[in-house]
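Since we're looking at a predicted model, the values are computed, not measured. So you know, we letter chains A, B, ... as the sequences are listed, proteins then strands, and number each from 1.
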Number of protein chains: 2
Amino acid sequence: MARYSGKDLSDEAFEMLGERFKALAEPMRLRLIYALMDGERTVSELVQETGALQANVSKHLRMLLEEGIVGRRKQGLNAYYRIADPTIFELCDLMCGSIQDRLQANLGGFSRSS
Amino acid sequence: MARYSGKDLSDEAFEMLGERFKALAEPMRLRLIYALMDGERTVSELVQETGALQANVSKHLRMLLEEGIVGRRKQGLNAYYRIADPTIFELCDLMCGSIQDRLQANLGGFSRSS
DNA sequence: AAATCACATTGCCATACGGTAATAGTCTAA
DNA sequence: TTAGACTATTACCGTATGGCAATGTGATTT
């Protein structure tokens with residue numbers, strides 16, 4: 001049951017869609033998201049799991065937070081992040097599936113219709 | 001039936017996922033995709049529908065083509081583009097729904113857990 | 001063959017963005 | 001209150017990217 005396919009979207013809608021996809025368009029942010037798929041994590045834990053610098057992790061988390069993709073709670077010294085938008089699971093699954101399909105289709109040499 | 005959620009992905013997989021999402025992370029490319037949701041279009045038609053310059057349309061279409069999101073066929077002077085990856089419909093629907101939900105949740109003032 | 005049409009490509013510029021280092025802020029423990 | 005742990009923010013730099021203008025390429029028409 002497609003909700004929006006083919007409908008005309010406003011300029012603002014296209015902007016919002018773009019920004020949202022952009023939040024998922026960086027490997028490091030995807031790493032953070034996938035780490036959070038197992039459950040809540042502190043920033044320190046995410047730093048460990050991703051191998052990135054703390055400043056970068058915080059910066060990326062901030063963007064994900066502003067986009068509503070993750071949520072945050074503070075307890076003591078720690079900040080706990082979690083997936084706040086369950087849609088993310090389906091989005092990543094779909095995209096991974098699409099990539100798989102594309103790789104399958106390209107077995108035995110690439111084909112570019114031209 | 002989630003296919004990949006929570007699984008560990010390789011560095012390369014995260015890169016591919018990121019690149020693919022990046023293809024959808026620009027308003028102009030989303031406009032092109034939405035125009036193609038009604039069916040095949042020539043470059044000229046897309047230029048008209050989007051109001052963008054022909055050079056930009058061609059450049060964006062190239063990226064979508066390389067990502068396997070659109071397909072292309074040439075006939076005479078024209079190049080006809082079409083959606084090649086049906087996953088795009090679901091992805092955009094899901095994302096639009098997610099945005100809707102977020103806007104709904106924010107009625108009556110923004111809330112940022114901090 | 002020359003002109004024309006449709007599209008692709010290239011170079012340029014301004015902006016955006018990621019990584020890094022340094023600093024600031026906040027909470028806890030002593 | 002001072003020190004230390006955890007997180008956020010800022011400034012800086014190099015790269016990537018989008019829009020634009022100009023040019024290149026291939027097919028069609030005359």
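- Picking from C:dT9, C:dA8, D:dT7 the nucleotide with the shortest atom distance to the side chain of B:V43 gives C:dA8.
- Under a cutoff of 6.0 Å and an axis angle of 45°, A:R41 and A:Y81 do not form a cation-pi pair.
- If you check every strand for non-hydrogen atoms under 4.0 Å, B:A79 touches sugar and phosphate atoms only.
- A sub-4.0 Å separation between OP1 or OP2 of C:dG19 and a side-chain N or O of A:H60 is present.
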Let me see the working for B:R31 and B:E49 under salt bridge (Lys or Arg N to Asp or Glu O under 4.0 Å), right down to the final yes or no.
-> CA-CA 9 Å; B:R31 266 184 266 267; B:E49 294 187 34; over 6 Å; no

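- Checked by atom type and distance alone, the side chain of A:S98 never pairs as donor or acceptor with a backbone atom of A:L94 at under 3.5 Å.
- Comparing A:Q75 and A:A52, the nucleotide of DNA chain C nearest to each residue sits closer to the 5' end for A:A52.
- Between B:R73 atom CZ and C:dA6 atom P there is a gap of 16 Å when expressed in whole angstrom units.
- B:L46 has its CG atom 9 Å from the P atom of C:dC7, to the nearest Å.
- When the side-chain nitrogen and oxygen atoms of B:R29 are compared with OP1 and OP2 of D:dG18, one or more of them lie within a distance under 4.0 Å.
- Remark: C1' of D:dT9 and CE of A:M63 are 17 Å apart, rounded to the nearest angstrom.
- Between A:S58 and A:Q54, the side chains place a donor N or O and an acceptor N or O closer than 3.5 Å (distance only, hydrogens not considered).
- Below the 3.5 angstrom threshold, one finds no donor paired with an acceptor across the side chain of A:K59 and the base of C:dG18.
- The separation between A:L30 atom CG and C:dG18 atom C1' is 14 Å, rounded to whole Å.
- Across all strands, B:Y80 comes closer than 4.0 Å to no nucleic acid atom at all (heavy-atom distances).
- Residue A:N78 places no side-chain N or O under 4.0 Å from the OP1 or OP2 atom of D:dA5.
- Each of D:dA8, C:dC7, C:dG11 was ranked by its minimum atom distance to the side chain of A:Q54; first place goes to D:dA8.
- Distance CZ (A:F14) to P (D:dG18): 16 Å, rounded to an integer number of Å.
- Residue contacts for B:N56: at a heavy-atom cut-off of 4.0 Å it reaches a base atom on one of the strands shown.
- Remark: B:K22 engages A:E26 in a salt bridge, criterion side-chain N to carboxylate O under 4.0 Å.
- If B:Y81 and A:E26 are placed on DNA chain C by their nearest nucleotide, the residue sitting closer to the 5' end is B:Y81.
- Side-chain nitrogen and oxygen atoms of B:R72 include at least one within less than 4.0 Å of the OP1 or OP2 phosphate oxygen of C:dA8.
- For B:L77, whose side chain is taken as the heavy atoms from C-beta onward, the closest listed nucleotide among D:dG26, D:dC6, C:dA8 is D:dG26.
- Between A:K22 atom NZ and D:dG18 atom P the separation is 8 Å, expressed in whole Å.
- The nearest whole Å value for the distance from the CG atom in A:L64 to the P atom in D:dA8 is 12 Å.
- In plain terms, the two heavy atoms of A:R73 and A:R82 that are nearest each other are N-NH1, 4.0 Å.
- For the pair A:R62 and D:dT9, the criterion of a side-chain N or O lying under 4.0 Å from OP1 or OP2 is met.
- Summarising the geometry, the separation between CG on B:L53 and P on D:dC20 is reported as 5 Å, rounded to the nearest angstrom.
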